[in-house]
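Residue numbers begin at 1 in each chain, while the letters A, B, ... track the order of the sequences.
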Amino acid sequence: MRGVFYTIYPPEVFLDEEGDAFSVLDMSVQGRRLLAAQGPDGALTLERLLSTDPRDYLNPSFQPGTPVPPATDGV
Amino acid sequence: MPWSQEPDGPERAATGEEAPGEPETERAEGEGDGAVPMRGADAATLLASLGQAGGPTRGTSPIHVLTVIGQVEGHLILPSKNKTTKYEHVIPQLVAIEQNPEVKGLLILLNTVGGDIEAGLAIAEMIRSLSKPTVSLVLGGGHSIGVPIAVAAGYSLIASTATLTLHPIRLNGMVIGVPQTYEYLDKMQDRVIRFIVENSRIPEGRLRELMFRTGELVRDVGTVLVGREAVEAGLIDEVGGVERAMQVVRERAGLASPAVQGSAGG
């Protein structure tokens with residue numbers, strides 16, 4: 001069993017690979033976990049911040065769309 | 001090791017120059033007398049309302065927020081066009097919240113279409129077993145496995161326009177080919193029902209009736225509950241929004257209401 005999906009979405013909607021526009025990297029930057037989108041030129045922009053500390057979301061460095069700084073903690 | 005190197009607690013809030021709006025000198029909430037204008041006063045007010053308790057301003061917010069959005073992703077990585085909540089992120093964050101003495105309560109915001117059933121139940125069980133107060137708020141949707149996650153919190157709220165969808169597990173495109181599969185799904189079904197019943201006020205008979213109702217959903221079985229209907233059914237505690245949810249979690253965490261900032265001293 002690969003997994004039981006208990007969702008209102010039909011499987012063909014969420015399992016279909018077509019339409020994947022960009023690759024998403026899971027990484028840590030300055031101690032915060034985030035998802036970064038990699039554009040065709042390799043540049044990384046912040047897609048989503050994954051933090052439970054609400055104060056992080058007011059930090060301009062971690063707004064979605066912000067370029068991910070080169071000095072990362074690693075992928 | 002993908003996680004932050006800090007030994008305890010969730011990723012720490014930014015301090016110093018990384019956090020515009022923080023008061024430049026460390027001082028307890030309520031000491032501001034308005035004589036020295038604060039840098040980024042609006043941001044500082046918002047930060048204070050999120051619950052910086054008295055004491056050093058460095059450190060993490062006492063109320064943390066977990067958002068559960070999109071599909072709950074478990075063992076299978078979904079195509080990247082999906083917005084997902086990855087359970088391997090959520091589980092350690094919940095452990096960190098449980099462990100960190102600075103964190104006093106957790107607000108869970110949901111807008112999810114459901115997802116991997118075991119990952120969803122794992123998240124729900126972890127929320128339920130936190131020793132700190134938890135409050136959930138369903139915004140938009142809390143469908144399918146989102147229902148156990150929502151009711152797992154100590155207190156649950158739903159926005160008046162948000163919806164919960166109750167439906168059977170097997171009717172989601174899963175092909176029932178062999179008896180073993182049917183039994184497996186049936187046991188899963190019972191597990192989900194039991195969790196919801198144990199963590200809410202809905203009687204089991206009523207939950208089963210709503211889950212297996214025919215004629216309401218087009219081409220499908222189940223029920224959609226909007227806002228108040230979820231409260232009337234006994235699933236959710238209250239219709240409300242962010243302000244009310246924050247009020248409840250702060251009360252349950254033993255935190256004072258945020259003081260009115262910015263006007264003291266004129």
Side-chain angles (χ1 to χ4, degrees), chain A residues 1-40 44-66 68-69 71-75, chain B residues 2-6 10-14 18-21 43 46-47 50 52 60-61 63-66 71-72 74-76 78-83 86 89 93-94 96-97 103 106-107 112-120 141 143-145 165 167 169 172-174 181 184-185 188 192 220:
Chain A
M1 264 252 165
R2 290 172 80 201
V4 178
F5 291 104
Y6 187 31
T7 169
I8 54 171
Y9 272 24
E12 58 270 16
V13 166
F14 62 88
L15 290 179
D16 179 16
E17 301 271 352
E18 210 182 297
D20 267 7
F22 52 85
S23 61
V24 175
L25 296 175
D26 193 331
M27 56 201 305
S28 177
V29 175
Q30 294 167 28
R32 282 88 170 167
R33 183 148 216 93
L34 53 91
L35 299 180
Q38 185 157 48
L44 295 175
T45 52
L46 195 152
E47 179 68 20
R48 191 191 337 166
L49 175 63
L50 300 166
S51 168
T52 57
D53 189 333
R55 305 194 325 176
D56 285 346
Y57 291 87
L58 296 178
N59 187 330
S61 303
F62 297 112
Q63 299 307 310
T66 308
V68 175
T72 67
D73 304 339
V75 177
Chain B
W3 295 99
S4 154
Q5 296 305 307
E6 293 180 338
E11 289 114 347
R12 300 287 288 243
E18 293 174 80
L46 180 58
L47 287 171
L50 287 169
Q52 280 178 257
T60 193
S61 171
I63 301 297
H64 269 232
V65 180
L66 178 72
Q71 290 271 0
V72 175
H75 303 303
L76 189 66
L78 296 178
S80 65
K81 66 177 184 180
N82 290 284
K83 292 190 184 180
K86 297 175 199 299
H89 288 160
Q93 283 173 331
L94 290 172
I97 284 163
V103 181
L106 176 66
L107 178 61
T112 172
V113 294
D116 185 286
I117 196 170
E118 287 198 334
H143 305 292
S144 317
I145 203 61
T165 303
H167 64 96
I169 291 169
N172 189 48
M174 298 299 294
T181 309
Y184 180 83
L185 289 180
M188 272 296 186
V192 168
D220 210 333

Specify the closest pair of heavy atoms between [X] and [Y], including all atoms of both residues, with the distance to one decimal.
X	Y	result
A:Pro54	B:His64	CD-CA, 4.0 Å
B:Gln93	A:Leu50	NE2-O, 3.5 Å
B:Ser144	A:Ile8	OG-N, 3.3 Å

Practice item. For B:Asn82 and A:Phe14, indicate whether the former's side chain and the latter's backbone hold a donor-acceptor pair under 3.5 Å. Key: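 Such a contact is found between B:Asn82 side chain and A:Phe14 backbone.
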Exercise for review: Look only at the side chain of A:Thr7 and the backbone of B:Val113, and say whether a donor-acceptor pair between them is shorter than 3.5 Å.
Suggested key: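 The answer is yes, because a donor-acceptor pair under 3.5 Å joins these two groups.
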Check your understanding: Quick check, are the ring centers of A:Tyr6 and B:His167 under 6.0 angstrom apart?
Key ->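 Yes, the ring of A:Tyr6 comes within the 6.0 Å limit of the ring of B:His167, centre to centre.
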Practice item. Report the distance from atom CD of B:Gln71 to atom CG of A:Leu15, rounding to the nearest 0.5 Å. Key: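 If I round to the nearest 0.5 Å, the distance is 8.0 Å.
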Point to revise | Note, B:Leu76 side chain near A:Phe5 side chain (heavy atom, < 4.5 Å) | key: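 They are in contact (side-chain heavy atoms under 4.5 Å apart), so the answer is yes.
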Review point. Do B:His89 and A:Asp26 come within less than 4.5 Å of each other through their side chains, counting heavy atoms only?
Key: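 A side-chain contact exists here, since the closest heavy-atom pair is under 4.5 Å.
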Check your understanding: With a 4.5 angstrom heavy-atom cut-off, which part of B:Val72 approaches chain A: side chain, backbone, both or neither?
Key ->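 Neither part.
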